[in-house]
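Keep in mind that this is a model prediction, so the values were computed, not measured.
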Amino acid sequence: MPISAPPSPGHAPVRADSPVRADSPVRPAPVAAPPPAPRLRPADREVLWLYLLTRVAVWTTAYCTRWLFPASGDARVPAPVLAPFEHWDWGHFLNIARDGYFPEGPGEGDNREAFFPGLPLVLRAVHVLIPHWTVAGLLVSLVAGAVAAVALARIAELHLPGSGAGRRAALFLLVSPCAVFLAAGYSEALFLALALPAWLAARRQRWLLASVLAAGATTVRISGLFLAAALVVLFLTTPTTPTTPTTRTSRTPLPTRRDEGTSRKRDAAWLVLPGLPALLYFWYLYGRTGDPMAWKHAQERGWYRHFRAPWEAWSQTWHEAFDHTQATGYAAQFQADLLAMVLGLLLLGVLVVRRRWPEAVYLALTLWALGTSYWYMSVARSTLLWWPLWVGLAVWSVRRRWVAIAYLCLVAPLSTVLAVTFMSGRWAG
């Protein structure tokens with residue numbers, strides 16, 4: 001027996017088996033809301049599987065490096081399991097997380113104030129659950145790298161939806177020459193895990209979320225301020241998407257021009273958030289040292305990041321790379337930084353020609369910061385943070401199939417050599 005709904009006031013009940021007249025006042029059946037989209041789409045899962053496979057490759061390289069490239073040529077016992085990841089900047093992040101910035105007082109120590117507090121704070125929080133510091137650092141990078149890979153893939157898919165460009169962008173990043181730093185306890189993975197979702201949110205005009213995530217990125221690296229500048233340009237060059245009647249209920253009034261203007265101003269106000277973490281860190285340094293730019297002066301003392309004209313920095317780096325003034329290990333790093341700078345300038349030119357102004361601003365500020373010191377340092381590592389590079393390569397490889405093959409054949413040996421160099425403790429000479 002059919003079950004009929006109770007009659008509404010002023011209307012007779014309608015039987016399920018009775019014909020409905022054209023003039024009967026039957027209200028249309030409500031339209032069911034679409035089910036919520038899954039947080040992880042099939043394409044995201046493919047990227048995560050790819051990420052896991054590349055992590056297995058990194059860990060395999062680390063295991064082999066312990067046995068084949070010991071610190072001493074006549075060693076009979078390999079280095080500890082985690083030793084390949086306990087080099088260089090990891091020591092600074094560990095010291096900050098464990099002992100703070102000035103355990104011996106301002107003006108003393110190892111210039112650790114050059115590093116922003118985001119990663120040490122996260123590391124200290126994870127250490128509450130993971131007692132081993134190195135394991136905690138590797139876990140942070142492992143989770144952050146997964147988030148970054150998925151976000152990068154989604155950004156690439158915005159350019160060529162359904163083309164597989166997202167998987168390619170993630171792959172190109174994960175096998176890039178300096179990809180080992182995404183696996184170690186360094187700040188690159190955590191920065192990307194905040195910066196790339198911030199960019200993705202901004203592309204979708206979710207400015208509050210983008211600003212909060214960018215603020216998190218600023219706690220990790222000074223590059224967060226470059227990201228903030230790019231977000232401002234993106235905001236200014238993105239037209240407001242009006243709300244159409246088809247996306248609203250019939251009882252909801254359409255927004256007026258005044259309402260849209262108020263919303264626009266509110267979104268613009270959120271964009272100041274990314275600068276606050278840097279200001280707080282500068283304020284902290286001023287309170288401890290009397291110098292709000294102590295982080296910059298620490299970089300100058302420890303890493304020769306004194307300001308020089310761009311052509312002077314290029315000339316000095318070229319001299320160190322090719323005039324046999326440095327050990328071969330250092331010279332090779334200078335050569336890699338020169339090549340990365342050329343690549344960055346070419347990418348900047350492409351972005352300007354294509355009028356990708358927000359990405360161009362981010363890259364231009366990055367290149368200026370890296371290219372105006374005494375000599376180039378960590379420019380090759382910085383390519384990990386140039387998401388327009390990986391997105392552009394992915395889009396290009398979709399349109400030209402040979403690009404992916406050529407890229408993988410070129411970077412696979414470089415990635416392996418640089419990973420072994422870092423894990424064996426020979427990165428800095």
Side-chain angles (χ1 to χ4, degrees), residues 39-55 57-58 141-183 188-204 210 213-214 217 223 226-227 230-231 234 340 343-344 346-348 350-351 354 356 358-360 362-363 366 380-412 414-415:
R39 293 191 177 184
L40 279 181
R41 303 170 301 181
D44 298 333
R45 296 188 180 94
E46 293 180 8
V47 170
L48 289 177
W49 275 112
L50 179 63
Y51 177 73
L52 179 60
L53 290 174
T54 58
R55 298 313 89 186
V58 170
S141 292
L142 178 66
V143 175
V147 174
V150 172
L152 177 64
R154 291 188 177 186
I155 292 174
E157 287 294 334
L158 294 178
H159 294 262
L160 285 179
S163 64
R167 293 190 300 272
R168 292 176 182 242
L171 175 63
F172 292 167
L173 169 66
L174 296 174
V175 301
S176 61
C178 293
V180 65
F181 294 103
L182 295 175
E188 278 80 2
L190 183 59
F191 177 82
L192 289 175
L194 294 164
L196 295 181
W199 190 256
L200 188 62
R203 288 291 305 271
R204 295 170 176 171
L213 291 171
S223 303
F226 308 156
L227 172 65
L231 290 178
L234 181 62
L343 178 62
L346 290 175
L347 176 60
L348 179 60
V350 171
L351 293 174
R354 294 184 176 273
R356 306 291 301 186
E359 294 93 333
Y362 172 80
L363 186 59
T366 301
R381 267 177 57 192
S382 180
T383 59
L384 295 172
L385 312 182
W386 301 352
W387 78 88
L389 172 62
W390 312 116
V391 172
L393 281 174
V395 172
W396 190 20
S397 69
V398 169
R399 296 169 177 169
R400 299 289 187 272
R401 295 182 180 274
W402 60 268
V403 172
I405 299 175
Y407 175 84
L408 294 175
C409 290
L410 177 63
V411 304
L414 291 176
S415 300

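- Pairing each heavy atom of L231 with each of A210, the nearest pair is CD1-O, 4.1 Å.
- L142 places a side-chain heavy atom less than 4.5 Å from the side chain of Y51.
- With a 4.5 Å cut-off on side-chain heavy atoms, L227 and W387 count as touching.
- Residues forming a side-chain contact (heavy atoms from CB on, under 4.5 Å) with T366 (at least two apart in sequence, or on another chain): F226, Y362, L370, S382, W386.
- Not counting sequence neighbours, the partners of V150 by the side-chain contact (heavy atoms from CB on, under 4.5 Å) test are D44, V47, L48, R154.
- With hydrogens and angles disregarded, a donor-acceptor distance shorter than 3.5 Å links the side chain of S415 to the backbone of V175.
- A distance of 8.5 Å separates CG in L234 from CZ in R356, rounded to the nearest 0.5 Å.
- The two residues V403 and S397 make their nearest non-hydrogen contact at CB-CA, 3.8 Å.
- Between A165 and A156, the closest heavy-atom pair is O-CB, 3.8 Å.
- Taken from CZ in R204 to CG in L158, the straight-line distance is 6.0 Å, to the nearest 0.5 Å.
- Of the listed residues (L363, L343, V350, L351), just one forms a side-chain contact (heavy atoms from CB on, under 4.5 Å) with L389, and that residue is L343.
- Classified by interplanar angle (parallel below 30°, tilted 30° to 60°, perpendicular above 60°), the ring pair W390/Y407 is perpendicular.
- Here the closest heavy-atom approach between residue L384 and residue C178 is recorded as CD1-O, 3.3 Å.
- Across E157 and G162, no two heavy atoms sit closer than the pair OE1-N, 3.0 Å.
- Residue F191 holds its CZ atom at 12.5 Å from CG of L182, rounded to the nearest 0.5 Å.
- Applying the salt bridge (Lys or Arg N to Asp or Glu O under 4.0 Å) definition to pairs two or more places apart or across chains, those involving residues 380-402 are D89-R381, E188-R381.
- Residue L174 holds its CG atom at 10.5 Å from CG of L53, rounded to the nearest 0.5 Å.
- The minimum heavy-atom distance between A148 and A189, with the atom names listed, is CB-O, 4.5 Å.
- Remark: L50 CG to R55 CZ distance equals 9.0 Å, nearest 0.5 Å.
- Rounded to the nearest 0.5 Å, atoms CZ (R45) and CG (L52) are 15.0 Å apart.
- The side-chain heavy atoms of R167 and L171, taken from C-beta on, include no pair separated by under 4.5 Å.
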